[in-house]
Each structure stands twice: as structure tokens, then as C-alpha cells.
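Structure first, commentary second.
Note that the numbering runs from 1 along the sequence shown for the chain. Model, not experiment: these values are computed from the prediction. Start at 1 and go down the list; that is how both ligands and their atoms are numbered.
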Amino acid sequence: MQGKQRVFSGVQPSGNLHLGNYLGALKNWVSIQDLYENYFCIVDLHAITLPQDPKVLRQKIREVAAVYLAVGLDPGKSVIFRQSRVSGHAELAWLLNCVAKVGELSRMTQFKDKAQKGGAEAASVGLYDYPVLMAADILLYNAHLVPVGEDQRQHLELTRTLARRFNGLYGETFIVPEPMILEVGARVMALDEPTNKMSKSSPTPAGYIALLDGPDVVRRKIRRAKTDSGTEVIASPDKPAITNLLGIYAATVGRLVPEIEAEYEGKGYGAFKKDLAEIVVEGLSPVREKAYALLNNPRELDEILEAGAQRAREVARPILHSAWTKMGLD
Ligand code: AMP
Ligand code: TRP
């Protein structure tokens, strides 16, 4: 793996992994995994910034691991591990906490959105600090590239700011990472409300297609997905619902939206949705089947994660040490 640039990314083991996670992030990770030295993390410390039932969390961690493998991430090519098992993430986050500013964190839109639900005063300090932990995740490996969905752009900008600030204050230590955000699939919207992003924390399962949903559930959700007025299968700003469905179609089959529009000219929403459902079912069925097979053997999953954590610790240690040294903590 020597000489390759490093990639770092992660998914939270909270809620159900969905089509947005797949099209915006996981699918891209698989397609680039041969080109880079990859670190794909299950960010369990991020998940607990909102309350989690320990039993459910334990299961969700394995589910994310199973889905990582089922979509095609290969432990021979990518380091797959849990964030909480590499203590350097939390340790570097503390160093970066002392470099980050309250004003910066207060401007993070994801915090504002999530905190809004229960009131910012009642939000956990962890939720507020979430972007600093994310910066630590990335900088701990001196990753060059971070493949994520559009919603993470602001967090990555903060990561870059913190890396530059640390380097400026204490001397060159961290690589300033670049976001890697796809054109198609980077922002999949909810099926029941296409002005909201498809999200794990969606109040109703009708809004998202879980990667582990069975074929009939997928078909039903797509059939019931909101549509716009009119009948034409065309992407446009005043047709957010059909624009989203076209985006899902394009990202799933790896084609461009205009080609698909041309194919459905004069055919109407019904025919389009029917085909879309089959395409999504076809795309997800192998993932679901493989993931369930892996979940039947949790010990093997745990072993893969532990082996990944060991490799991650080896890479992270000297980088954490260099940050300590620069700050005078050696
Ligand atoms: P999360 O579900 O917040 O842990 O996100 C994991 C990854 O999936 C990140 O790279 C997100 O940017 C990406 N992602 C989450 N939701 C969507 C969405 N609706 N559309 C595209 N990408 C998404
Ligand atoms: N915040 C990301 C999300 O919710 C998950 C995440 C945590 C992440 N640490 C990361 C993504 C580091 C990329 C790199 O989607």
C-alpha cells in the first residue's frame, strides 16, 4: 500500500443505513478502494452524541460492519475498524478542542439543525463538539482525501481550518485534507418530503430506503414516494420529487440524468417509478443478502474489526505523538 494517498471516511452506527449513505458515500468508497490506502471507520463515538440504547447500538455497529463488507469493501485492501477502539481519535480531539473556537462550532449547520429539535441548551456537549472529533478522525491518519456526501462539506472545511491553524501555531504536522464529493448521488432527498435530505433520523421509515429493506418494502416505498404536479419525467428546480427520483436512478445505474429523461419522454411517472423500483431492488438485493449472511457470524465480523483497529492504531500512533511533541506534551 506504500506510496498511495490516504483516504479516510466513516458512517455512524445510528439508525438504519440507507440509499443516501450508499449512493452518496459507500458506492464511491468501493470504486476508489484500489487507488488509495483506505481507512473506513464505524464512528461509534459520533453515534453517542445523541442518546442510544446500548443494546441497539451494539447491533447497529455490527450491521454497519456487515454492510461495509457486503457492498464490497475488502479488509485486504481497506482498514475497517471502530473509532472507539483506537483511543487516538478521542485524544487528538482534545488537542484540537484547544485549537477550535466556540464561534466556529456555533456556525455548524448540522449542529443547529440537530440541536433545534430539543433546544440548543439541552443538546449534549458531544453533539456540539462533533465536528472536532470528525477533524481528529481525519487528521489522525494524515488522510489526503475524504469521500463523503454533500452534507459533510462544512465539517470538512472546519477540518481544513483546524489543520492549517495547528500547523501555523505549532509547525507543519497535519496534511490539509480535500473533500471528495460526487456530482450525482451526493444529496439524496427523502422520498416522502423531497426538500429534506434522506436521513437515518427521519421520523418515518417511508422517507428512506434502508439498505436492508426487502424487495417488497423497496417497491412499496418507491410506489408511494411523493411526486410533483404534472406528468413529465424531467429534473427541474420546481419538481424536487421527480428530480430526486431521477438522481437516484442515475446514481444507482451509473448513468446521466438527461439520458434517463430522454428514455422516459411521454411515459409518465407510473412507468418510471415501476422501473426505478426494480433497478433499486436489483442493486440492493445482493447487498442485503450478503449483509444478512455476515450478520449470522458476528464473531468473524468482530475479528475483522479488531484486526482493522490494530492496523489503525499503528498508523495513528506516530501522528498523535508528533502532535504531542509539537505542543510540548512529549
Ligand atoms: P451518516 O448517515 O450521517 O453517518 O453519513 C454517512 C455518509 O453518508 C456521509 O458521507 C454522508 O455525507 C453520506 N450521506 C448521508 N445522508 C446522505 C444523503 N441523503 N445523500 C447523500 N449522502 C448522504
Ligand atoms: N460526520 C459524518 C457523517 O455523519 C461521519 C464521520 C465522522 C466522518 N467522522 C468522519 C466522515 C470522518 C468522514 C470523515 O456523515
Side-chain angles (χ1 to χ4, degrees), residues 6-30 32 38-50 52 60-61 63-64 67-68 71 81-84 86 88-90 92-93 96 108-111 113-114 126-127 129-160 162-163 177-202 207-211 240 244 247-248 250-252 312 316:
R6 277 189 197 146
V7 160
F8 185 99
S9 199
V11 171
Q12 299 186 62
S14 52
N16 294 317
L17 260 78
H18 54 71
L19 197 59
N21 296 131
Y22 182 57
L23 299 177
L26 297 173
K27 201 164 181 250
N28 189 26
W29 301 0
V30 175
I32 61 171
N38 317 288
Y39 296 82
F40 294 124
C41 189
I42 299 168
V43 289
D44 48 6
L45 298 177
H46 276 108
I48 58 168
T49 57
L50 293 174
Q52 304 293 339
K60 292 290 165 194
I61 289 168
E63 252 178 53
V64 176
V67 169
Y68 276 10
V71 297
F81 67 106
R82 288 171 61 179
Q83 184 185 33
S84 63
V86 181
H89 291 252
L92 181 58
L96 296 176
M108 295 290 121
T109 55
Q110 185 170 305
F111 173 75
D113 289 350
K114 287 195 183 175
L127 187 66
D129 200 33
Y130 176 116
V132 177
L133 178 61
M134 176 162 163
D137 296 340
I138 299 164
L139 302 185
L140 187 61
Y141 299 89
N142 263 333
H144 300 85
L145 292 166
V146 186
V148 283
E150 180 62 44
D151 60 340
Q152 297 303 312
R153 194 184 283 282
Q154 194 188 29
H155 290 158
L156 274 175
E157 208 37 66
L158 178 77
T159 303
R160 290 165 56 80
L162 296 181
E178 299 284 340
M180 190 186 228
I181 298 173
L182 297 175
E183 300 250 319
V184 186
R187 196 167 169 79
V188 177
M189 309 307 280
L191 298 181
D192 56 347
E193 188 39 73
T195 50
N196 296 338
K197 94 177 167 172
M198 186 178 282
S199 158
K200 293 199 197 107
S201 50
S202 165
Y208 63 81
I209 292 176
L211 296 182
N244 185 40
I248 292 174
T252 305

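- Near V148, meaning under 4.0 Å from one of its heavy atoms, ligand 2 places the atoms 11 (C), 13 (C).
- Between L191 and I248, the closest side-chain pair of non-hydrogen atoms falls below 4.5 Å.
- When heavy-atom distances to ligand 1 are checked against a 4.0 Å cut-off, R187 comes that close only through its backbone atoms N, CA, C and O.
- Heavy-atom contacts of A25 reach the following atoms of ligand 1: 7 (C), 8 (O), 10 (O) (cutoff under 4.0 Å).
- Each of the atoms 7 (C), 9 (N) of ligand 2 lies under 4.0 Å from some heavy atom of H46.
- With a 4.0 Å heavy-atom cut-off, ligand 1 is reached by no atom of M189.
- Comparing heavy-atom distances from atom 11 (C) of ligand 1 across V148, I248, L156, D151 singles out D151 as nearest.
- Any N or O atom pair closer than 3.5 Å counts here, and H155 shares no such pair with ligand 2.
- Results of the ring-ring contact (aromatic ring centres under 6.0 Å, His included) test with F8 over Y141, Y39, W29 single out Y141 as the only residue that passes.
- Using a 4.0 Å cut-off between heavy atoms, I138 contacts ligand 2 through its side chain alone, with no backbone atom that close.
- Residue Q152 has at least one nitrogen or oxygen atom sitting less than 3.5 Å from a nitrogen or oxygen atom of ligand 2, judged on distance alone.
- Checked by atom type and distance alone, the side chain of Q83 never pairs as donor or acceptor with a backbone atom of H89 at under 3.5 Å.
- Every atom of ligand 2 with a heavy atom of F8 under 4.0 Å away is listed here by number and element: 12 (C), 14 (C).
- Listed by number with element, the atoms of ligand 1 under 4.0 angstrom from any heavy atom of M198 are 16 (N), 18 (C), 19 (N).
- Between Q110 and ligand 2, not a single N/O pair is under 3.5 Å apart.
- Listed by number with element, the atoms of ligand 2 under 4.0 angstrom from any heavy atom of V146 are 13 (C), 14 (C).
- Distances from atom 10 (O) of ligand 1 to the heavy atoms of G10, G20, G149, P147 put G149 nearest.
- Counting only heavy atoms from C-beta outward, the side chains of Q12 and K60 never approach each other to under 4.5 Å.
- Close contacts between ligand 1 and Q152 involve ligand atoms 12 (O) [criterion: under 4.0 Å to a heavy atom].
- Per-residue contacts place Y130 under 4.0 angstrom from the following atoms of ligand 2 (heavy atoms of the residue considered): 1 (N), 2 (C), 3 (C), 4 (O).
- The backbone and the side chain of V11 each have at least one atom closer than 4.0 Å to an atom of ligand 1 (non-hydrogen atoms only).
- Interface of G24 with ligand 1, defined as ligand atoms under 4.0 Å from a residue heavy atom, comprises 21 (C), 22 (N).
- Contacts between K200 and ligand 1 below 4.0 angstrom, taking non-hydrogen atoms only, involve the side chain exclusively.
- The proximity of S9 to ligand 1, defined as any non-hydrogen pair under 4.0 Å, does not occur for either the backbone or the side chain.
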